[in-house]
There are 2 protein chains.
Amino acid sequence: MAAVAGQVTNKGEGAVLSDRAYNAIAETFRALADPTRARIVHLLSFGESSVNHLAENLTVTPSAVSHQLRMLRQMGLVRFRREGQLAFYALDDPHVAILFQEAREHVSDYLQEGRKSREWL
Amino acid sequence: MAAVAGQVTNKGEGAVLSDRAYNAIAETFRALADPTRARIVHLLSFGESSVNHLAENLTVTPSAVSHQLRMLRQMGLVRFRREGQLAFYALDDPHVAILFQEAREHVSDYLQEGRKSREWL
DNA sequence: TCGATATCTGAGCACCTGCTCAGATATCCA
DNA sequence: TGGATATCTGAGCAGGTGCTCAGATATCGA
């Protein structure tokens, strides 16, 4: 405890955001913080896709994909439309694809500094 | 199971990445997927800061901050230098600040669509 | 209507995460 | 050296996450 009890918090040192802002931002990152969801988002960046099509390409059960898609939907990253028996999902926000690409470049740069190999990019 | 057993995986449908690539990308997002770490990264985007200074501004114990900083360090998002008793941390990659800003804009756009208020931005 | 296919959903479980707590380590200064 | 301050670290715990499993729901075609 103790934790330097004085000095409550942010004064005028910049544009400190509210707790709700940081929570929402963290939640956005959390949506992409899982390999399966990252794969889903990357596939959807090429265009909309059905649940089974995603499951096939990801070698994951349709159930698991459906669970993850629900999460992405609740977080506002994807939208879906129904066409007969099929449910087509697509990215709902251009920022999502940008985020993915930016993270991909960060990883590329990071690995390029010689800490690991990068033959997979 | 079953999972549409046929059709192994990615054919030529685009630039599908390797498992290691998706894991690394997801790990990058995971680094920012926590409100405390998001706050830390945002504060560091204004310049380097000591552990206690971060702890004061975040109203979190120095111990918790130190744990999170170690994680961010291991993930290659921050670097640090020691000056006497103090350890100053700073962002180690321009992509990190860009990622944060992009997520902030996504959240802003998302909330602007009327699903929630956004008086905190 | 019936069977086949596609998707969704809740329960349960193994694993992971972030925090606190207690103590270790490191640096400065008297 | 000894005390004060700053930071680090491992153990442990409460809560969260992603998957599987079983079953429900929905749509199409015969």
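Quick caveat, the model's predicted, so the values are computed rather than measured. So that the names make sense, note that chain A is the first sequence line, chain B the second, and so on, each numbered from 1.
Every residue was checked against the salt bridge (charged side-chain N to carboxylate O under 4.0 Å, His left out) condition with A:R70, not counting sequence neighbours, and none meets it. For B:H95, the ring-ring contact (aromatic ring centres under 6.0 Å, His included) criterion is met by no residue, not counting sequence neighbours. Not counting sequence neighbours, the partners of B:A97 by the side-chain contact (heavy atoms from CB on, under 4.5 Å) test are B:L91. Every residue was checked against the side chain to side chain donor-acceptor pair (under 3.5 Å) condition with A:S66, not counting sequence neighbours, and none meets it.
Taking atom CZ of A:F29 as the reference point, atom P of D:dT17 lies 17 Å away to the nearest angstrom. The CG atom of A:L69 sits 7 Å away from the P atom of C:dC8 (whole-angstrom rounding). We find that CD of B:E56 is positioned 8 Å from P of D:dA6, with the value rounded to whole Å.
OP1 or OP2 of D:dA6 has not a single side-chain nitrogen or oxygen of B:Y89 nearer than 4.0 Å. Note on B:S66: every side-chain N or O is 4.0 Å or more away from OP1 and OP2 of D:dT7. For the OP1/OP2 pair of C:dT5 and a distance below 4.0 Å, the side-chain nitrogens and oxygens of A:N52 include no atom meeting the criterion. Dashed line: the shortest gap from a side-chain N or O of A:R70 to OP1 or OP2 of D:dT17 is not under 4.0 Å. Between A:Q68 and D:dC19 there is a side-chain N or O to OP1 or OP2 distance below 4.0 Å. Listed pair B:S63 / C:dT20 fails the phosphate criterion, with no side-chain N or O lying under 4.0 Å from OP1 or OP2.
Of all nucleotides listed (C:dT9, C:dT7, D:dA6), C:dT7 comes nearest to the side chain of A:R82. In this structure, of D:dT20, D:dT7, C:dT7, it is D:dT20 that holds the atom nearest to the side chain of A:A64. Residue B:A87 has its side chain nearest to D:dT7 when only D:dT7, C:dC28, D:dC28 are considered.
Residue-to-nucleotide proximity on DNA chain C shows that, of B:M71 and A:H67, the 5′-proximal contact is made by A:H67.
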Candidate pair B:E102 and A:E102, rule side chain to side chain contact (heavy atoms under 4.5 Å, CB included), full reasoning: CA-CA 9 Å; B:E102 203 67 37; A:E102 202 67 38; 5.9 Å; no
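Looking at residues 30-38 of chain B, you'll see that no heavy atom sits under 4.0 Å from any atom of DNA chain D.
Each salt bridge (Lys or Arg N to Asp or Glu O under 4.0 Å) pair with one or both residues in residues 31-54 of chain B, not counting sequence neighbours, appears once here: A:D19-B:R39, B:E48-B:R81.
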